[in-house]
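Labels below follow one simple rule: chain letters A, B, ... track the order of the sequence lines, proteins then strands, and each chain is numbered from 1. Note that the coordinates shown come from a computational prediction; the quantities given were computed from them, not determined experimentally.
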Number of protein chains: 2
Amino acid sequence: MSKSVLELTPVETAACCSPMIQEPLSIDQADQVSTLLKALADPVRLRLMSLVLSHEGGEACVCDLNDAFELSQPTISHHLKVLHEAGLLEREKRGVWVYYRADHDALDSIAALISPLRASR
Amino acid sequence: MSKSVLELTPVETAACCSPMIQEPLSIDQADQVSTLLKALADPVRLRLMSLVLSHEGGEACVCDLNDAFELSQPTISHHLKVLHEAGLLEREKRGVWVYYRADHDALDSIAALISPLRASR
DNA sequence: CATAGGCATCGACAGCTGTCAATATCGATG
DNA sequence: CATCGATATTGACAGCTGTCGATGCCTATG
């Protein structure tokens with residue numbers, strides 16, 4: 001999933017407009033976007049994303065992430081898996097440690113839908 | 001809930017930065033944002049939002065919305081209630097009909113978090 | 001090669017979620 | 001005031017989700 005999930009027509013790509021304002025989302029578009037939003041719509045996973053994004057180098061080791069929560073290690077591992085399978089986090093194993101970094105294509109897919117709603121009246 | 005749910009410091013409001021990049025989300029911020037995202041993270045509710053947003057006048061009658069889905073009337077009513085209670089849709093009864101329109105403050109709260117992620121790297 | 005530690009997977013379980021049929025509510029209208 | 005039509009509420013149920021303890025896998029290191 002290296003390409004943006006949400007395919008936009010030229011009209012939809014215009015600065016002012018989003019598929020959500022320009023015209024109703026198709027069923028397929030809604031399914032794709034909701035998959036991404038479901039992955040993000042959890043307080044633990046939001047904090048995981050923000051920890052990775054704000055960490056130096058834009059990546060964080062699982063060991064660091066575990067320490068930021070009062071949750072069991074399997075639970076954090078589960079949340080990281082959800083984010084990874086949704087395409088929001090990339091995983092890289094280096095030696096004993098596993099590092100996660102944000103996948104900006106997936107973030108773009110969400111932002112492309114949500115951002116244009118901001119300025120509209 | 002007429003005020004933005006997500007309070008931003010001046011630094012966070014700067015054009016380039018989001019709380020998610022600038023520094024990790026607080027637990028409270030994550031809880032608030034995830035509440036909004038949970039309401040939005042459903043294909044039916046995404047389509048409902050887009051139908052309301054793209055409808056002329058920025059509002060839509062429940063009767064129109066029901067016709068757009070092959071779901072029972074109580075199910076659509078349930079989804080509208082979820083969006084309304086999350087603060088994403090405003091409800092107004094006029095005569096026999098009920099009209100829904102988007103609450104742009106709530107949409108701003110989400111966009112303020114997500115939009116800045118778009119340009120980053 | 002035995003051990004230790006970092007991380008993932010498995011199995012279980014309580015709680016939440018989406019859906020529907022049935023029913024209630026409420027305003028318009030005859 | 002009796003009825004009808006537009007929405008909401010209720011109750012029920014299957015399926016999904018977040019969490020944990022136990023366990024497995026893999027890599028470094030002695």
OP1 or OP2 of C/dA8 less than 4.0 angstrom from a side-chain nitrogen or oxygen of A/Y100, does that happen here?
yes

If you compare every side-chain N and O of A/R91 against the phosphate oxygens of C/dC7 (OP1, OP2), does one of them come in below 4.0 Å?
no

Atom of [X], atom of [Y] and distance for their closest heavy-atom approach:
| X | Y | value |
| --- | --- | --- |
| B/A30 | A/R47 | CB-CG, 3.5 Å |
| A/L25 | B/S50 | N-OG, 3.0 Å |
| B/L48 | B/L80 | CD1-CD2, 4.1 Å |

Find out whether B/I21 and A/S54 are in side-chain contact, i.e. whether some heavy atom of one side chain is under 4.5 Å from a heavy atom of the other.
no

Whole angstrom value for the distance that separates [atom2] of [N] from [atom1] of [X]:
| X | N | atom1 | atom2 | result |
| --- | --- | --- | --- | --- |
| A/I76 | D/dC20 | CD1 | C1' | 12 Å |
| A/L89 | C/dC7 | CG | P | 14 Å |
| A/W97 | D/dT27 | CH2 | P | 14 Å |
| B/L80 | C/dT17 | CG | P | 17 Å |
| A/D67 | C/dG5 | CG | C1' | 14 Å |
| A/K81 | D/dG18 | NZ | C1' | 14 Å |
| B/L65 | D/dA6 | CG | P | 14 Å |

Could you give the side-chain donor-acceptor pairs of residues 69-78 of chain B under 3.5 Å, partners two or more places apart or in another chain?
residue	atom	partner	partner atom	Å
B/S72	OG	B/T75	N	3.3
B/S72	OG	B/T75	OG1	2.9

What is the per-nucleotide protein-contact pattern of nucleotides 18-30 of chain C, from the 5' end, where B denotes a base atom under 4.0 Å from a protein heavy atom, S denotes such proximity for sugar-phosphate atoms only, and - denotes neither?
SBBBB-----S--

Cation over ring, B/R91 on B/Y99, under 6.0 Å and within 45°?
no

